[in-house]
Amino acid sequence: MEQYFSEHLLEWYETAKRDLPWRRHRDPYYIWISEIMLQQTRVDTVIPYFHRFIERFPTITDLALAPEEDVLKCWEGLGYYSRARNLQAAAQQVVELHGGQVPSDKAAVSALKGVGPYTAGAILSIAFGQPEPAVDGNVMRVLSRYFLLEDDIMKPATRVRMETLAARLIPEGRAADFNQALMELGALVCTPKSPSCRACPVMEHCQGRLAGVETQLPVKTKAKKPRPEFRLTALVEGTGAEEGRVLVRQRAATGLLARMWELPHVPAVEDQPGEGGGLPDGPAMDRLAAALAAEGTPARPLGPYMEAEHTFSHIHWNLRVFRFQQAEACDASTGLMAAEASAAYEAAGGDNAGGSAERAGAGAAGTAPQPVTRWITREDMAELAFPNVFLRILNQYFDEKEEGEL
DNA sequence: AATACGGGGCA
DNA sequence: TGCCCAGTATT
């Protein structure tokens, strides 16, 4: 039954395999880049990023020497941005330790940043033909159905067991094709919702199918729902020297969306997770104005602009966006000087969660650290990496501004 | 073992 | 609109 599986799967792969950019060469660098991009990400999404990435960073050395912001910009919109940071750190490892060549040694490959058990197996087998298993979600789904395995695939121990099984199934000298065939079957035929069993090369001996339980496999504990977060967001239009520009800030070096750029935003409410974003516009804008002043950019509220939502795996953001106009040091709407507004905001328990400082502020001791900020035009967006939600807001704003709708 | 970490596709 | 998908690092 096992030999049948491997032979028929390989035969099917010969004719069914997709023509993918990283399958056109055997370049270990291309295989590596593609495998990192494919973590948690669909093939169709990855393809344009892959082309852009290898055009911008043709060799490992190019990647190692590039400014980090360039790498992040190239990854913009792809998500899980630590992958990009780890990838560049790993490229530097490869240059320093392995002369710029992807190592073919298992321990060395596994030691690269961002390379875990799956990616190590994929690189070793696909790029170097070594008989290592490469067990991802597709593979676990296929194996759990074919062998009717009811272990919870969310448990790490299950992946280890699947690796043992997958390793045994690799035909002599065929690791590269076999591992890709396994994943290709999961992606094209043995799909999560309604598998195309009639098109499956190994249907005859599929234990899950024979038992009529294929759609109930693999067994998998459900993920928790993302917790909602309500945030007030400021779209501050520059005046005077900054006329025609919008204020953006850079996020902290670690954590969510590390080092990416965003519009300033603060929690709508503190310590009331169930309360939602029900704060009336007036108080909401006052709160935002105080936060902006505290960050060194006093501004006058113009009114509500739009709402936006963004879902991460663990957080659901509800953003209420307000327009502001850059003010002088004395905030006309509150009558407070910037420093007083700042103090008032701090006293009220304000924070700039996620936007905290990358460098200490230039102010006197006791001043809260200031985030790095910039006044940008639409053209400046080409060099700064933004999460999708802010890309949407900024593009809509600049579009409407251009059309004279604002 | 549990949690942090994006974004897209589908019914 | 709501649910599904799922590798690596960190703790």
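Quick note on labels: first sequence line is chain A, next is B, and so on, each numbered from 1.
- OP1 and OP2 of dC5(C) both lie 4.0 Å or more from every side-chain N or O belonging to Asn138(A).
- Residue Arg85(A) is classed as having no contact, given no heavy-atom separation below 4.0 Å to the nucleic acid.
- Among Arg323(A), Arg320(A), Glu400(A), the single residue meeting the side-chain hydrogen bond (donor to acceptor under 3.5 Å, both in side chains) criterion with Tyr305(A) is Glu400(A).
- Using a 30° and 60° split on the angle between ring planes, His265(A) and Phe390(A) fall in the parallel class, below 30°.
- For Pro192(A), whose side chain is taken as the heavy atoms from C-beta onward, the closest listed nucleotide among dA6(C), dA4(B), dC5(C) is dC5(C).
- The side chain of His314(A) contributes no N or O atom lying less than 4.0 Å from OP1 or OP2 of dA4(B).
- For dA6(C), the OP1/OP2 oxygens have no side-chain nitrogen or oxygen of Arg159(A) closer than 4.0 Å.
- The base of dG6(B) lies outside donor-acceptor range of the side chain of Gln40(A), with no N or O pair under 3.5 Å.
- With hydrogens and angles disregarded, no donor-acceptor distance shorter than 3.5 Å links the side chain of Glu295(A) to the backbone of Gln370(A).
- Of the candidate nucleotides dG6(B), dG7(B), dA1(B), dG6(B) has the atom nearest to the side chain of Ser313(A).
- Across all strands shown, Tyr80(A) has heavy atoms under 4.0 Å from base atoms, whether or not it also approaches the sugar-phosphate.
- If you check dT8(C), dA1(B), dC5(B) against the side chain of Tyr118(A), the one that comes closest is dT8(C).
- The side chain of Leu256(A) lies closest to dG6(B) when the candidates are dG6(B), dA6(C), dT8(C).
- Counting non-hydrogen atoms under 4.0 angstrom, Asp44(A) reaches nothing in the nucleic acid.
- For the pair Leu63(A)/Leu87(A), a side-chain contact is recorded, criterion being any heavy-atom separation below 4.5 Å from C-beta on.
- Across all strands shown, Ser82(A) has no heavy atoms under 4.0 Å from either base or sugar-phosphate atoms.
- Contact between the side-chain N/O atoms of Thr311(A) and the OP1/OP2 oxygens of dG7(B) is not found at any separation under 4.0 Å.
- Within 4.0 Å of Thr41(A), counting heavy atoms only, lies at least one base atom of the nucleic acid.
- Residue Lys220(A) places its side chain closer to dC5(C) than to any other of dT8(C), dC5(C), dC5(B).
- Look at the P atom in both dG6(B) and dT11(C): the space between them is 16 Å, to the nearest Å.
- Side-chain atoms of Thr45(A) stay outside donor-acceptor range of the base of dG8(B), with no qualifying N/O pair under 3.5 Å.
- Residue Ala157(A) is the one, among Ser194(A) and Ala157(A), whose nearest nucleotide of DNA chain B lies closer to the 5' end (criterion: closest heavy atom).
- In this structure, Ala223(A) reaches the bases: a heavy-atom distance under 4.0 Å links it to at least one base atom across the strands shown.
- Close to dG7(B), at under 4.0 Å from its OP1 or OP2, lies a side-chain N or O of His310(A).
- The closest side-chain heavy-atom distance from Met306(A) to Leu235(A) is not below 4.5 Å.
- Side-chain proximity of Lys224(A) to dT3(B), dA6(C), dC5(C): nearest is dT3(B).
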Verdict with reasoning, His316(A) to Glu229(A), per side-chain hydrogen bond (donor to acceptor under 3.5 Å, both in side chains)
CA-CA 6 Å; His316(A) 181 84; Glu229(A) 278 189 15; over 6 Å; no
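- In this model, no side-chain donor or acceptor of Lys113(A) finds a partner on the base of dA9(C) within 3.5 Å.
- The side chain of Arg141(A) lies closest to dA6(C), out of dC3(C), dT8(C), dA6(C).
- DNA chain C is contacted by both Pro117(A) and Arg42(A); Arg42(A) maps to the nucleotide lying nearer its 5′ end (nearest heavy atom per residue).
- Across all strands, Leu257(A) comes closer than 4.0 Å only to sugar-phosphate atoms, never to a base (heavy-atom distances).
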